[in-house]
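Chain letters run A, B, ... following the sequence lines, proteins first and then strands; every chain starts at 1.
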Number of protein chains: 4
Amino acid sequence: MTSGQRPAPAQRNEIVTRRDELGLTNWDIALLIATVAIAVLIPIEVVFGPLKLGWLMVVSAVASVLFAGDVWIRRTRPITVRGVRVVNRAQITRRYLRTWFTVDVLAAIPFDLIAVIPGIDGSAAADVLRVLALTRVLRVARMLVVQREWRIHTSINPAVLRLSFFAFWIAIVSHWIACGWIALDGAESGHPELAPYQQALYWTITTLTTVGYGDIVPIGRSQVGYAMVIMALGAAMYGYIIGNVASLLANLDVVRARHLGRLEAVNNFMRDRRVPRDLQAKVRDYYNYLWESRMSEQSEMLEELPAPLRIEIALHINRAILQKVPLFERANESFLRELVLHFTPTVSVPGETIVRRGEIGHRIYFINRGSVEVLGSDDREVVATLTDGDFFGEMALLSAAPRNNTVRALDYCDLYSLERDRFDRVLSEFPDFAAQVREVAERRRAENEPGG
Amino acid sequence: MTSGQRPAPAQRNEIVTRRDELGLTNWDIALLIATVAIAVLIPIEVVFGPLKLGWLMVVSAVASVLFAGDVWIRRTRPITVRGVRVVNRAQITRRYLRTWFTVDVLAAIPFDLIAVIPGIDGSAAADVLRVLALTRVLRVARMLVVQREWRIHTSINPAVLRLSFFAFWIAIVSHWIACGWIALDGAESGHPELAPYQQALYWTITTLTTVGYGDIVPIGRSQVGYAMVIMALGAAMYGYIIGNVASLLANLDVVRARHLGRLEAVNNFMRDRRVPRDLQAKVRDYYNYLWESRMSEQSEMLEELPAPLRIEIALHINRAILQKVPLFERANESFLRELVLHFTPTVSVPGETIVRRGEIGHRIYFINRGSVEVLGSDDREVVATLTDGDFFGEMALLSAAPRNNTVRALDYCDLYSLERDRFDRVLSEFPDFAAQVREVAERRRAENEPGG
Amino acid sequence: MTSGQRPAPAQRNEIVTRRDELGLTNWDIALLIATVAIAVLIPIEVVFGPLKLGWLMVVSAVASVLFAGDVWIRRTRPITVRGVRVVNRAQITRRYLRTWFTVDVLAAIPFDLIAVIPGIDGSAAADVLRVLALTRVLRVARMLVVQREWRIHTSINPAVLRLSFFAFWIAIVSHWIACGWIALDGAESGHPELAPYQQALYWTITTLTTVGYGDIVPIGRSQVGYAMVIMALGAAMYGYIIGNVASLLANLDVVRARHLGRLEAVNNFMRDRRVPRDLQAKVRDYYNYLWESRMSEQSEMLEELPAPLRIEIALHINRAILQKVPLFERANESFLRELVLHFTPTVSVPGETIVRRGEIGHRIYFINRGSVEVLGSDDREVVATLTDGDFFGEMALLSAAPRNNTVRALDYCDLYSLERDRFDRVLSEFPDFAAQVREVAERRRAENEPGG
Amino acid sequence: MTSGQRPAPAQRNEIVTRRDELGLTNWDIALLIATVAIAVLIPIEVVFGPLKLGWLMVVSAVASVLFAGDVWIRRTRPITVRGVRVVNRAQITRRYLRTWFTVDVLAAIPFDLIAVIPGIDGSAAADVLRVLALTRVLRVARMLVVQREWRIHTSINPAVLRLSFFAFWIAIVSHWIACGWIALDGAESGHPELAPYQQALYWTITTLTTVGYGDIVPIGRSQVGYAMVIMALGAAMYGYIIGNVASLLANLDVVRARHLGRLEAVNNFMRDRRVPRDLQAKVRDYYNYLWESRMSEQSEMLEELPAPLRIEIALHINRAILQKVPLFERANESFLRELVLHFTPTVSVPGETIVRRGEIGHRIYFINRGSVEVLGSDDREVVATLTDGDFFGEMALLSAAPRNNTVRALDYCDLYSLERDRFDRVLSEFPDFAAQVREVAERRRAENEPGG
């Protein structure tokens, strides 16, 4: 229905969204790297004095340029506020000034480079500048925003993402704490064989993990005070780690956990009732199959979605099946779109009789996965074996005749079934195709072919 | 319906509630500060002997006066017991005597000041008095009650509150433990460069956080015994911290967590079914929008509330919309109050056809947020674009005529819809306004305006 | 219906249950004390050699006698297996022999006393006996069974119980670990000023809490091996403590937690929708009231119970109300038993119009708590104020007449309402009383009294 | 319906499944032992140099042979992918090459044995080979797959399994860490009396458990670096342990936890409403009974299962009862299979009147557990006591006659009831048996026997 000349609104919207928030253009990646580099380098410069190594100065300068560019771009770049895009430039600028502008600008000023300009270097102003340079580190807070975006917009397991972010932050914070320890002339008594930074990091980790060997201990008021703060912080962080891990474990695979819980309840119940072991195993197998094939989730999930998305998903899942059914081969797209919404997923256990000869048939079955055997008129001889993508009971869509054959599951089978009532309801909206179907029905009634 | 002369009962009740339990009058704040000050000072006095510094004595004296005043006030101040206000004075007094009276009175007696009165000071009685002064500290337990009230009656995130209360209690308890360590002549071997209190606090934190450097260790029976109790306490406290953090993290944003969980299940399902990546992104976007706009919560929340509150909330949310609709401009307040209860919130995805030309219309739509395009009679040309606060399908309220135009969502849209059936039901109770509406309907039928 | 001569089956059953599993007769308490005493004393004897102190030997002897008596009693004492009482003696004995018999008998043999019999004392047999005496300690496992019973059959908060049990077990296990450390000649280097047991306990707690000062460290293979096991055990125990605390905190007050969670969601929603602050406070007040009065739980809970218990609970809650209603004063017990099942609890917010003059009344209201005002025919003047235990709308039970007065809630009110339909249905089973009610109805219709 | 000559598909499938994934043939056990042995031995060889002890070389050689055999077998062994068996050899081989093939082949090459071949031994190549031998350890990752299978396919409590797996992995990892410490010439200062491996393991455990006595501390860059990594790892592992324990405790007995939670809510409610203590005890008893007998779970569980499994479970539970009822003794198997699906489990409390004389009976009751008394025509005298496996109200299946006797529960009873409607519906499909039943009904109506 959309004219070919312009992209459909949904498409347009989606493309924009992707580039903005997920795609991480090279520009975004460069900014992230620069942010982390600054967060690591500046504290080192503050405690050890200016690093006059050429490449470090280049890093600082490049970061400044990148940050300045970022300020310029963000001034007008469209943003998404609570799910709705804002494109009004004035509004974007106002919002930016109110939020990240100050942090971004401070990060863009290369205080540390200014401090080593001949003339300033060595003066009292240089020390002030170096401390001011710490404000550049604040930009690392942007990582929190980026990480939040990622968690929502990516399809990576959120537990894995959360653990990675967590490791990142612990590493950064440990680095800062070690730098702070050096700034306080951290005791070098314990390990004279180590460089000061190594010693400080060792102390930091010994303390944060609450191992506390005691080979490096704080000496003097300021160090003891610092150590107390770090210990308290470490306890809180440790608590946070553990709490996180506990909730991560609980959420790592919610569906799996629920499955195992249900399995346990069922096991307890069956043991309690002294159900024979082989019947127990069958029941367990059934639950495991149900879980592995994710059939039980499907209908639940589809119901939550709004109609347009529901149709697209259902169509995607069942298209291969639909194309195989001769009855539907001349059906047009919009008929199939309506039809797929009425497919019901079911699971049959090995040996289950799905269709019984002589019963009045009400639905057609499509085999998504698994295999079934069609029995002859004596209900013993196997006349056909159907598997993935096959279907049976087609006649039930055309009339309420009794089934000609018994069909029995050989394996666990994922089936989709479609009831005649629903088929007729959809058909009533497509009179042209309905006529074709009636014609086929007439022809079939004469033939009375097997498999139905 | 309430006469103007006296405030409505609800209003009266609410004002009283606010001043009592949340408002924290200056008096309440003064009491809290005094309580904390006493909890900090008295243990110091007990271990270091009388603090004869003038300002500390003033603090103690002022606190005593405040506490005495509080006893006097609470004797008769109305209280709320299980949601119902008690105003009967005798009942209040009886309840007060049974509960906090003893603690409040003990806190009001300035044992520590009496101990430094010339004549008593230096005698054995002074020592007894100073130990007795510890009973003043008990009043800090009132903080628990205050904190519990806050958690219920404030709109601040309860997780943040709980963390703050928690930090407060750990600080207070650490202070007490350090004082106890000093009282037992805590080993000063490890850090002769520190003042005794610094050393004691350092030991306390080293032990409570289970870091245990071993630079200060207990010596002698009483210290070792004390250390064992503190270590056990530390382990319990640590367990409590971690348990708290874990449950805090789980509850920090319950709605968000549930959202992420659902998103993950959907992601897993779609990956498993090999849904194309762009369709996956669309589904994710839909869930994200639903969550960000909080549309899915609204109907749930409103249903739980009793009718009077439900009306007020719904009215607040939709008033702006109602005022824009010409049809309602002459409707009176009580009609609108009834009407808003029948608004149904829905979300439409970009590109979704909300209204199809030729279908029989059953409801009017109000756009809360987002934009839609109205297509002309060829279903291609865009004849109008409607946005926040606009409405369409108005004609459906007046008669069951077919829609004149197709309306399609451009963005995600928060819509409110109102069914004709429900509109008619409300209308039937307001015959005057119903006549007006019928009149408008007649006029419109002649005009047959676009947008409906 | 039960004859007076013999107690009703339910009663009989319950009395037996109580004495057995909860009542803790003096005998049970004596056994518990003896069990704990043996668990504490025997390990001390094993590591320090025989305690020839008179009273300790008396304790051991008394415990042996008690345990022997317990074996004798349990041989035939009726037990409850999966909710059903077993009284068959042979069955009980067989079950006892299969389960606790060995442990109980070993605990009853006073190995430690035999070891100090002159002649045996000092010989190699005495050492063997003392080690054998450790089997007496096994009886402490019975505590687990007792604690499990308590958790199920008591009304004490299970979280508090669990914490107490937990503290008990940690204390016992720490004692055993300390005894083990002494048995391995635990290093006495660190604190020569302490007695060996004190030192061992100090080391145990330092290690279990993972503080690890390092002032006492294991020396030599056996000690280091022991320390490794204890450290691993400590880590597991610590994990168990923290896990327990976390789940305790989560369960300490499940209802409260759910309440706070809901409150937060509501707060978030209202802030998001910019609901005015006073309306926010009203909504919060409503939720708080609902929670504090526990009205929302009641109907849920009653529905789960089987009919006989449901009636008894409902009768207990509403009896005071029923006795006040003149209409019911001549109703017999079985009528009221049927009636209470149809009471519906509701909560009204301050200012809510519960009954509107002129509307057709369908139900009577009983005020459980709170107060309402009855307005005169001008809907402004207050003609009456009703409070706890009062009722209104009585006329609605008799006929479908319009209400005479408007009734408005002054406070939050816990109301019970009863619909005419349900009243009539119950009445139809009690024809005698139905006649009386009809009579009253006739009389009332003439009077047309206020308050209905 | 299945012919006797060939096993039913379900059976076939199940047997295969069992041997593959659960049965652990001797071959599987030998492989597991070899895998663990290699994971333990190889790191020791790497740090201490070649172990020329004969039996260790034999172990390594045997493991290599086993692993090689495993590669050969797995190349074509059928596998189960997402619940469906794959038997196509090419497909299996392709899958194997893509997944475990490399790891399995590396593990099968005895690098460590090649290194001690005279000529190679002592050369630089030998050192390279020994390090290469570490790749054999990778095979231990297979344990993860095996453990995952166990958790799903066994009926052992998954919490117990998880704890065991966890202990296994901690032991293995500690061993590896200790070997790593030795490789870095771990400080031997602290405990010269210990062998290097003992010392290394002691340091590992002291560090991982965060006890950190400080008697062994890292010295020099590489050791300090290693210690920092291990401390961080220890913290993460500790967090993982605690998180696991917390979630284990939460899941150890989900049903039990839910039961205790409900019990607590009920207790709180009853205390709040001041329900008399004996009524409280009765309500508690009821909930406890319900939980212990697992009656409430049964219907829930059966509903989830597909029809064939549901019938088998229901038949197993009720067969003993069915065989006792004279009415059913001539019913054929397929009739009973249909019938059991309509049995409804209920619980009656002591003293509850299950059937009242004179009421119209609609269902038959089967006593699964517990006892009831049948009262005579005066509703007082006990004419019979029925217990496990008995039934009453049989007449209700034949006609809608009034009950002849009142039946009252003596204990808590697990009852199954069957409604006449449902019985008739099943009967209508079995006309032969229906005739027999009608005949019995006629005969009974004449007799009018007690107990119905």
Side-chain angles (χ1 to χ4, degrees), chain A residues 1-3 8-14 17-18 22 82-85 151-153 155 157-158 206-207 210-214 217-221 224-225 227-228 231-232 234-236 238-240 242-244 246-247 250-251 254-255 294 297-298 301 304-309 312-313 316-317, chain B residues 190-191 193-194 198 201-202 205-206 208-215 238 241-242 244-250 260-261 263-273 275-276 278-286 288-289 292-293 347-352 369-370 379-380 408-412:
Chain A
M1 286 198 185
T2 326
S3 59
Q11 218 106 18
R12 255 187 320 167
N13 182 71
E14 188 226 325
T17 310
R18 206 193 297 166
L22 246 187
R82 290 190 40 227
V84 170
R85 255 185 114 52
R151 281 181 62 191
I152 292 178
H153 289 283
S155 69
N157 187 328
T206 318
T207 304
T210 79
V211 170
Y213 288 128
V217 293
I219 288 163
R221 293 199 175 188
V224 164
M228 286 197 280
M231 282 188 272
Y238 214 57
Y240 188 77
I242 289 169
N244 250 303
S247 88
N251 297 324
V254 188
V255 190
R294 296 186 196 274
E297 287 168 54
Q298 179 170 331
M301 208 207 97
E304 284 182 349
L305 289 174
L309 291 176
E312 286 196 59
I313 297 269
H316 164 79
I317 293 174
Chain B
H191 289 273
E193 81 276 16
L194 297 179
Q198 286 174 322
L201 193 65
Y202 173 63
I205 288 177
T206 318
L208 279 186
T209 59
T210 79
V211 170
Y213 287 128
D215 48 352
Y238 214 56
I241 296 179
I242 289 168
N244 250 304
V245 171
S247 87
L248 272 177
L249 284 175
L260 286 175
L263 209 53
E264 193 198 339
V266 169
N267 271 333
N268 281 345
F269 174 81
M270 291 194 301
R271 232 173 352 203
D272 194 80
R273 290 283 183 263
V275 171
D278 58 333
L279 186 49
Q280 282 193 30
K282 265 191 212 169
V283 170
R284 259 201 309 275
D285 277 4
Y286 170 72
N288 283 329
Y289 181 77
E292 279 172 344
S293 68
V347 164
S348 68
V349 300
E352 181 173 352
R369 248 160 48 111
D379 277 352
R380 296 174 86 135
R408 205 163 54 188
L410 278 169
D411 276 317
Y412 283 105

Which distance, rounded to the nearest 0.5 Å, do you find between the CD1 of A:I219 and the CG of B:L194? 10.0 Å

Nearest heavy-atom contact between B:T209 and A:A235 is CG2-CB, 3.9 Å

Which region of B:T206, side chain (C-beta onward) or backbone (N, CA, C, O), has a non-hydrogen atom less than 4.5 Å from a non-hydrogen atom of chain A, or is it both or neither? both

Mind checking what makes salt bridge (charged side-chain N to carboxylate O under 4.0 Å, His left out) contact with B:E352, not counting sequence neighbours? none

For A:L309 versus B:V283, what's the shortest heavy-atom pair and its separation? CD1-CA, 4.2 Å

Proximity breakdown for B:L201 and chain A, heavy-atom pairs closer than 4.5 Å: both

Would you check if there is a donor-acceptor pair between the side chains of B:Y213 and A:T207 at a distance under 3.5 Å? yes

Correct closest heavy-atom pair for A:M231 and B:Y202 would be CE-CE1, 3.8 Å

